[in-house]
Amino acid sequence: MRIPFAQIDAFADTAFAGNPAAVMPLSAWLDDAVLLDIAQENNLSETAFIVPSAEEGVDFDLRWFTPGAEVALCGHATLASGHFVLSSDSARDRVRFATRQAGILEVACADGGYTLELPAWAPAPKAMPEIVAALTIDSPVETLWHDKGYALVIVEDEAIVRNLKPDFVALAKFPIVAIVAAKGSATAIVSRVFTPYYAINEDPVTGSAHAVMVPYWAQTLGDRFTAFQASARGGRLTCRLEGDRVVLGGACVTVIEGTFLLP
């Protein structure tokens with residue numbers, strides 16, 4: 001079986017930046033175990049699979065797999081999927097995806113890049129001493145939780161975020177996406193995201209983490225601001241809160257196109 005394959009750097013305007021995702025269009029769903037095998041073979045933080053949708057008002061069904069598991073929401077691989085569809089069809093200016101756990105997501109052309117609509121997952125305060133200890137943070141400003149499995153730890157300044165060295169062995173015990181964030185200098189907020197449970201110690205740029213962060217930071221920064229995820233590759237995003245939706249802006253670059261040969 002031959003499956004088209006594209007590797008796309010999302011939330012990046014040049015190659016070798018942002019977060020790489022594989023996008024693979026299918027005519028019908030394969031077994032979940034096969035999808036996970038493919039994601040493990042790709043060995044990227046996410047592989048996105050899209051299938052033409054029978055649902056009214058939806059273009060494709062969309063699922064995301066890390067090398068370790070299927071996830072409830074992945075922003076950068078959704079943006080990459082939108083780029084995959086929209087860059088190959090100039091008649092389209094937007095594409096809508098139906099997902100199993102995050103509802104309908106839309107990617108639209110905007111200002112030479114794209115906007116990505118995600119659900120606004122506002123976190124609630126919660127004590128998480130074991131997670132904070134695994135992150136090796138001494139005195140967080142605030143810790144918050146969202147039931148989709150997102151831990152948000154607010155720290156006092158950007159330097160703490162950038163210099164953080166988590167205990168990945170300890171953190172891998174928790175089936176979570178761990179976000180550490182602070183107010184930034186060049187951008188309104190700066191963050192890093194750690195997901196060792198899902199076989200990726202640090203995720204380069206995480207759209208879903210901003211679905212959690214934007215509702216939190218909008219309380220003090222307003223409904224529009226900029227963000228930088230301070231991984232080794234790095235990624236810049238524009239953020240805005242529109243009711244119960246988070247709208248992220250960013251660009252994509254396709255770096256590999258080819259065919260996956262499934263035995």
Side-chain angles (χ1 to χ4, degrees), residues 6-23 42 44-48 50 62 64-66 71-87 94-95 97 99 102 105-121 150 152 158 161-162 177-182 184 186-195 198 200-215 217 221 224-242 245-256:
Q7 184 170 317
I8 295 165
D9 289 344
F11 296 114
D13 52 15
T14 62
F16 316 124
N19 200 349
V23 180
N42 291 340
L44 296 169
S45 60
E46 301 288 347
T47 296
I50 60 174
L62 170 63
W64 316 271
F65 285 76
T66 75
V71 296
L73 174 63
C74 179
H76 87 276
T78 303
L79 191 71
S81 298
H83 170 75
F84 179 87
V85 174
L86 295 171
S87 63
R94 65 191 61 240
V95 56
F97 299 102
T99 72
L105 308 179
E106 181 176 283
V107 177
C109 298
D111 301 325
Y114 305 98
T115 57
L116 165 64
E117 287 192 13
L118 301 174
W121 285 352
Y150 289 77
L152 174 58
E158 179 177 343
V161 176
R162 290 181 177 273
V177 175
I179 311 161
V180 182
T187 55
I189 63 171
V190 173
S191 67
R192 290 171 68 193
V193 177
F194 307 101
T195 58
Y198 297 104
I200 299 293
N201 281 344
E202 181 168 3
D203 197 40
V205 192
T206 315
S208 64
H210 289 79
V212 176
M213 285 191 286
V214 169
W217 286 108
L221 297 176
R224 294 172 179 262
F225 51 89
T226 56
F228 180 70
Q229 193 159 324
S231 64
R233 292 172 65 96
R236 297 184 182 274
L237 309 86
T238 60
C239 307
R240 70 178 188 266
L241 182 64
E242 293 187 352
R245 308 295 283 176
V246 166
V247 182
L248 304 178
C252 290
V253 179
T254 301
V255 293
I256 301 173

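For the pair Met213 and Ile179, the tightest heavy-atom approach, listed with the atom from each and the gap, is SD-CG2, 3.6 Å. Taking every heavy atom of both residues into account, Val190 and Ala230 meet most closely at CG1-CB, 3.8 Å. Taking every heavy atom of both residues into account, Ala21 and Leu44 meet most closely at C-CD1, 3.9 Å. Residue Val71 comes nearest to Cys74 through the heavy atom pair CG2-CB, 4.3 Å, listed as atom of the first residue, atom of the second, then distance. Contact detail for Leu86 and Cys109: the closest heavy-atom pair is CD1-SG, 3.9 Å. Nearest approach of Ala181 to Leu152, heavy atoms of both residues: CB-CD1, 4.3 Å.
Residues Ile8 and Val23 are in side-chain contact: their nearest non-hydrogen atoms beyond the backbone lie under 4.5 Å apart. Annotation: side chain of Pro20 is not in contact with side chain of Val255 (no heavy-atom distance under 4.5 Å). Counting only heavy atoms from C-beta outward, the side chains of Thr206 and Gln229 approach each other to under 4.5 Å. Using a 4.5 Å heavy-atom threshold, the side chains of Leu241 and Val246 count as touching.
Rounding to the nearest 0.5 Å places OG of Ser208 at 8.0 Å from CG of Leu118. In this structure, Arg162 CZ and Ser231 OG are separated by 10.0 Å, a value rounded to the nearest 0.5 Å. To the nearest 0.5 Å, atom OG1 of residue Thr66 and atom CD1 of residue Ile200 are 6.5 Å apart. Residue Glu117 holds its CD atom at 5.5 Å from CZ of Arg245, rounded to the nearest 0.5 Å.
Contact check on Asp9 versus Arg233 returns a salt bridge, with a Lys/Arg side-chain nitrogen under 4.0 Å from an Asp/Glu carboxylate oxygen.
Using a distance-only test at 3.5 Å, with no hydrogens or angles considered, no donor-acceptor pair links the side chain of Arg236 to the main chain of Phe228. Looking at Thr238, its side chain does come within 3.5 Å of a backbone N or O of Gly249 through a donor-acceptor pair. Using modelled atom types, no side-chain atom of Glu158 and backbone atom of Ala186 make a donor-acceptor pair closer than 3.5 Å. Put simply, the side chain of Thr226 gets close to the backbone of Ala188: a donor and an acceptor are under 3.5 Å apart.
Side-chain contact, His83 with Thr254: a donor N or O sits under 3.5 Å from an acceptor N or O. Side-chain contact check for Thr195 and Asp203: no donor-acceptor pair (N or O, by modelled atom type) lies under 3.5 Å.
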Test side-chain contact (heavy atoms from CB on, under 4.5 Å) applied to Asn19 and Phe11, step by step:
CA-CA 7 Å; Asn19 200 349; Phe11 296 114; 5.6 Å; no

Applying side-chain contact (heavy atoms from CB on, under 4.5 Å) to Phe84 and Val107, what does each step give before you reach the verdict?
CA-CA 11 Å; Phe84 179 87; Val107 177; over 6 Å; no

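Checked against the 6.0 Å centroid criterion, the rings of Trp217 and Phe225 do not qualify as a close aromatic pair.
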